[in-house]
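Values in this document were obtained by computation on a predicted structure and should not be read as measured data. Convention: sequence-line order gives letters A, B, ...; per-chain numbering from 1.
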Amino acid sequence: MGDNKTNLIINYLPQTLTDEEFRSMFLSIGPIKSAKIVRDKATSYSYGFGFVDYEHEQDAQRAIDTLNGLQLQNKHIKVALSRPGGEVIKGANIYIRNLPKHYTEKEVIDLFCNYGNIVQARVLTDPQTNESKTVGFVLYDKKHEAELALKELNNKTPPGGALPLLLKFADDNSKKVRPPASNMSYYPPRYPQDIYHQIGAPRFPGGPMRNSGSNRFRYNPMAASHNQQGMGGQSNSDGQNILFVYNIGYDTTEKELWSLFSTYGTVLKCNVIWDSQKGQGKGYGFVTMSMWQEGMNAIQELNGYHFKNGPITVSFKK
DNA sequence: TCCGATT
């Protein structure tokens with residue numbers, strides 16, 4: 001492919017979109033030479049993007065005009081001219097940490113646009129709260145632009161920020177196998193029957209016990225009154241009840257951690273830290289409890305508990 | 001493998 005403007009890249013395709021649906025959607029604009037969703041060879045798992053090559057430039061442009069931003073299921077697809085391949089565009093993607101919390105894509109673009117032509121900027125947000133995760137990506141058109149930006153901005157504190165930015169070239173995920181879904185953030189279904197009238201359920205005298213579904217019970221504040229340390233509220237001094245859990249092994253799922261800690265209260269969030277280089281867990285994770293006292297209780301009961309690999313350590317996150 | 005976050 002040369003300078004022709006017939007080839008489109010389509011991003012943010014819903015996972016379940018079939019090749020037939022994809023093709024007919026773009027065929028409705030005009031005749032096409034090819035249409036393809038990029039999938040994992042072995043599993044045919046869609047990578048969420050694809051290419052369409054039109055016979056005519058004006059149809060490609062019309063596809064951009066009419067289909068870009070179209071909502072399909074829970075996604076808004078992006079339709080744009082695909083860039084020509086080759087070495088100069090590889091490694092042009094930068095991964096950013098320590099973005100100021102209030103930075104949106106606009107502020108990121110303002111900061112990074114001085115070093116080259118930005119194809120795309122992204123700030124990752126928590127899907128629950130919409131808050132910035134203070135990490136993001138800037139994809140430049142050319143590799144040398146990314147190299148320049150990295151040199152100029154790495155370890156520099158941006159306007160309105162408190163921490164120096166940490167930049168690196170982003171991993172090339174294009175040929176990697178995706179981690180299993182069990183390593184995504186796990187939010188369990190709600191069981192209304194578990195939320196009420198469970199106070200006073202017996203505590204297990206020994207170690208923790210796997211619980212699931214109907215035999216779950218809530219933390220009983222009366223059973224742990226000896227643990228009170230003057231924290232009448234719901235949070236520790238950080239305003240959070242996040243536990244650091246170490247030595248959980250490299251194959252523990254968030255579902256398993258969730259289940260383990262649910263014995264001691266309401267788990268709000270559970271993360272197993274994933275090593276995308278090695279394709280396995282890093283051996284630790286974080287569990288957010290709804291109340292400080294629940295976290296304290298989990299620490300007392302689970303720190304040193306022999307879980308899968310050996311004794312785990314449980315403490316409040318630093 | 002010892003305090004995340006990888007579109």
> For A/I94 and A/Y246, take the nucleotide of DNA chain B holding the closest heavy atom to each; which residue's nucleotide lies nearer the 5' end?
Replying inline: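 This one resolves to A/Y246.
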
May I ask you to say what [X] touches in the nucleic acid, namely base, sugar-phosphate or nothing, with a heavy-atom cut-off under 4.0 Å?
X: A/K168; result: base
X: A/I273; result: base
X: A/E105; result: nothing

> A/W274 on top of B/dG4's base, within under 5.5 Å and under 30°?
Replying inline: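 A stacking contact does not exist, since A/W274 is not both close and nearly parallel to the base ring of B/dG4.
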
>> Quick test of the criterion, 5.5 Å between centres and less than 30° between planes. Is A/Y95 stacked on B/dT6 or not?
In response: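 Yes; centroid distance and tilt both under limits.
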
> Would A/S82 and A/N7 satisfy side-chain hydrogen bond (donor to acceptor under 3.5 Å, both in side chains), going step by step from the backbone distance to the final call?
Replying inline: CA-CA 6 Å; A/S82 78; A/N7 201 27; 3.2 Å; yes

> What's the CG-P distance between A/D275 and B/dC2, to the nearest Å?
Replying inline: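 Between P of B/dC2 and CG of A/D275: 11 Å.
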
>> Tell me whether A/D53 is salt-bridged to A/K36, with the criterion being a basic N under 4.0 Å from an acidic carboxylate O.
In response: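 No, no charged N to carboxylate O under 4.0 Å.
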
>> Can you tell whether the side chains of A/K143 and A/E87 come within less than 4.0 Å, N to carboxylate O?
In response: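 No, A/K143 and A/E87 are not salt-bridged.
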
> Going by atom types only, do A/Q73 and A/T16 share a side-chain donor-acceptor pair under 3.5 Å?
Replying inline: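 There is such a pair (donor and acceptor under 3.5 Å, judged by atom type) between the side chains of A/Q73 and A/T16.
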
>> From the set B/dC3, B/dA5, B/dT6, return the single nucleotide nearest to any side-chain atom of A/K269.
In response: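 The answer is B/dA5.
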
